[in-house]
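Remarks on the structure that follows.
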Amino acid sequence: MSRALPLLAVLLSHWRRQPLQFITLFLGLALATALWTAVQAINAEAGDSYDKASKTLGQSVYAQLVPRFGEDVPEALFAKLRRAGWLVSPVLEGSVMVGEQRLWVIGVEPLTSPAGVGAAGLALENRSQSAFAEFLEQKAVFAQPDTLALIEDVDSELLVFEEPDAPQSTVIADIGLAQQLLSRPGRVSRFIVAPNVLSKPQPLDDITPSLRLNPPEEGVEASRLTGSFHLNLTAFGLLSFAVGLFIVQGAIRLAFEDRMATLRTLRTLGVSLRHVMIALVAELSLLAIVAGLFGVVIGYGLAAALMPDVAATLQGLYGAQVDGGLRIRPQWALTGLGISLAGTALAAGASLLQSARMPLLATGHRSARHHTAQQQRRHLLALGAFAFCVSGVLMWAASGLVAAFIMLACLLLGGAFLLPAFLERILGFGESLARRWSASALAQWFLSDTRFQLSGLSLALMALMLAIATNIGVSTMVQSFRTAFVSFLDQRLAASFYVDVENPEKAAAMVKGVAPVVDDIMPILSQETELAGAKAIILGLRINQTYKTNFTFLDAESDIWEALQSTQAVSINEQMAVRDDLN
C-alpha cells in the first residue's frame, strides 16, 4: 500500500494536465449515474405509494366483497352479512374536487376493521383512547400534512390528525363522515373480509346476488396496472446509462493511450506490474465513487423535479395515487453508487487488461496497439453475432414485455458491436477501389488514415449509433401512439357533447329538455360486471348514423351494424379478443 500511494499520485497528476479528459470522464459517468438514479428514485417512490394504498385499503391482505354491478351497495348488507357469519367491515371510497385537484376520501369502520387495515393511515393502535374517541365522535380525519390545505377547503370544521404515512391527497375518516363528505348516505363501496375461524359463513349467493368475492391475490393493484410504465422508465434509464458508458470508456481509453509512456517508464524503473495495476484500480475506483456521488445528487434533483408530473401522469392514466414528493431512500442511493462502480469496471476492463498483457517494450508502439484494436474488433464481431442470435431466439420463442425489452437491447447492442468491423470493411473496400482506379495520393492517404484511426473512434461511433437509433425509435413510437390515440378519440368521441347523469330519472329529464334544440341524442348505458372471470364493462348504445360513419373495426362482418342493431351480435375490444381468443 505504501508503494501504491505514490503511484496513485503520479497517475492522478495526468488529469491535472488533461482537464478536458477528466471533465469528459467525470461528467459522462455522473450523468449516466444520475439518469439511472432518477429513474430508480421515481420507481421506488411510486412503489412505496402503491404499498401504502394497498395496505390502507386492505386489498393485498384480505379478501374483498365487491359489487357485481354498479359502484356501491346499500349499507344494510353489512348487518345481513355479519348475521350470516361473514366477518366483514364496510369501506366507502370516492373523490371530491377541491378546485382543480382531486381529494380521495376513504371511509372505514374502525370497530370491525381487521388488524392492520388502515394502519398506514389511521394508526389507531398507537394512539390514545382520547384520540380514538375523537375519531368516532367528532368530525375527525387522518391525512398527510401536505393534504391539510385541501381538507380545510372541504370542511373547515374537520379535526385533522396528521399521519405522514397516509397516501397523498387522501383522507381517512369514519364511514359515517365519509358518507357525508361524498354525499352518498347509506352506501358502501365494498366489504373487507376477515378470516372466520370459529364458524363457517353461509354461502354468499344465498345472502345477496349483488356481491362477489375477490381473494387477496386477485385484488386490483396499482402496481399491476403501472408495471409497463415503470418497466419503460427502467429500460430508458439503462439505455441512457449504456450510452454514457460508451462515452466513459472512450475517455478512459484515451487516458490509457496518453499514459502508455508513463506506464512504460514506471515499469522500466522497476515498479512491478502488480503495483501498477493496484494503483490504476484505486484511481478508477476513486473517480467512480466521487462521480457516482455527484450523479446520485443530480439524480435526486432530477427525480424531485419530475416527480409531480409523473404522479399526475400515473393518476391520469391509471388512477394511481402517487406521492408528488420524494424521499431519500438508501436502496436507490446505494444502487446508484454501485452501478457507477460497476459501470466504471465494465468500461475500464478492456483497457486494464490491455495494459496488463502488452509487452513492456511494445507499450508505446502504435502498430502493437493497432494489432490489439484489430483483435478487439474481432471480439466485438463475435459478441455482435451472439447478440443477434439471442435477439432472434427471443423473437420467436419468448413472449412478454420483459422479453421484448431484452430482445431490443440485444438488437441494439449487436448492431453497435458490429459497427467497427462493418466500417473497417467499408473503408478497406474504398482503399482497394482508390488503388484500382489510380485515385490521387491524397484520397488514398485519407482512406488509409481514417481506417487506422477507426480504433480510436469506434467507441464514439457506437455511442452515436445507439443514441440516433434510440431517438428514431422513441420518436417513431411516440408519434405512432399519438396518431393512433387521436384517431381513436376521433372515432369514439364523435359526438359534440357528452353528459353524465346520476340516475335514469335525471337522464329522462335531461333528454326531454334538450331534445328540441339538438339534432340527435345517443344514450349510452354502462354497467360493470364480470366476464370470463375478469372485470369488464358492458356498454349499450343506440345505433345511428354517427356511429356508422365514424366507427371502424379491426375485424367484423360486412353487416356488423345491422347485426348489432338486431341484437344478433356484440362488439368486443381488442384486449378482450386477444386475451380470451374470441372473434
Side-chain angles (χ1 to χ4, degrees), residues 28-57 59-61 116 119-121 123 144-146 163-168 170 221-245 248 284-315 318 320-347 401-402 405-406 409:
L29 188 58
L31 292 179
T33 305
L35 291 173
W36 170 258
T37 302
V39 169
Q40 293 307 304
I42 290 173
N43 288 345
E45 196 66 34
D48 182 70
S49 297
Y50 303 150
D51 292 339
K52 285 181 182 178
S54 180
K55 291 178 182 178
T56 301
L57 302 178
Q59 290 174 306
S60 62
V61 182
Q144 274 190 358
D146 297 340
E163 183 56 53
D165 291 332
Q168 189 189 33
T170 301
E221 298 180 4
S223 58
R224 296 182 182 179
L225 298 175
T226 60
S228 61
F229 179 86
H230 294 295
L231 184 59
N232 275 278
L233 281 183
T234 303
F236 284 124
L238 277 175
L239 185 58
S240 301
F241 187 78
V243 174
L245 280 190
V248 172
L284 293 173
S285 300
L286 179 62
L287 290 174
I289 292 174
V290 176
L293 290 174
F294 189 66
V296 169
V297 173
I298 296 176
Y300 173 79
L302 182 61
L306 294 177
M307 196 64 206
D309 292 333
V310 173
T313 300
L314 290 172
Q315 183 175 0
Y318 306 103
Q321 295 289 330
V322 177
D323 291 348
L326 187 68
R327 299 174 182 84
I328 298 179
R329 302 179 186 276
Q331 57 266 35
W332 57 257
L334 293 177
T335 300
L337 191 59
I339 201 170
S340 175
L341 288 167
T344 303
L346 184 63
L401 197 57
V402 175
F405 275 118
I406 297 176

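Numbers for residues simply follow the sequence, beginning at 1.
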**OP:** State the CD1-CG distance between I339 and L334, to the nearest 0.5 angstrom.
**Re:** 13.0 Å
Original post:
CD1/I42 to CG/L306 distance, rounded to the nearest 0.5 angstrom?
Top reply: 5.0 Å
Original post:
At their closest point, which heavy atom of S285 faces which heavy atom of L341, and how far apart are they?
Top reply: O-CD2, 4.0 Å
Original post:
About how many Å separate CZ of F241 and CG of L29, when rounded to the nearest 0.5 Å?
Top reply: 6.5 Å
Subject >> CA sep, side-chain torsions, deciding dist, call: I298, F294, side chain to side chain contact (heavy atoms under 4.5 Å, CB included) >> reply: CA-CA 6 Å; I298 296 176; F294 189 66; 3.2 Å; yes
**OP:** Determine the minimum heavy-atom distance between A38 and G299, stating which atoms define it.
**Re:** CB-O, 3.5 Å
Original post:
Applying side chain to side chain donor-acceptor pair (under 3.5 Å), which residue pairs with at least one partner in residues 30-43 are found, sequence neighbours left out?
Top reply: N43-H230, N43-T234
Subject >> Heavy-atom pair of closest approach, residues A333 and V296 >> reply: O-CG2, 3.8 Å
**OP:** Quick one: closest heavy-atom pair of V39 and G237, and the distance?
**Re:** CG2-CA, 4.1 Å
Subject >> Minimal non-hydrogen separation, I289 against L337, with atom names >> reply: O-CD1, 3.7 Å
Original post:
If every non-hydrogen atom of S340 is compared with every non-hydrogen atom of A288, which pair is closest and at what distance?
Top reply: OG-O, 2.9 Å
Original post:
Among all residues two or more places apart in sequence or in another chain, which pass the ring pair (Phe, Tyr, Trp, His ring centres under 6.0 Å) test with Y300?
Top reply: none
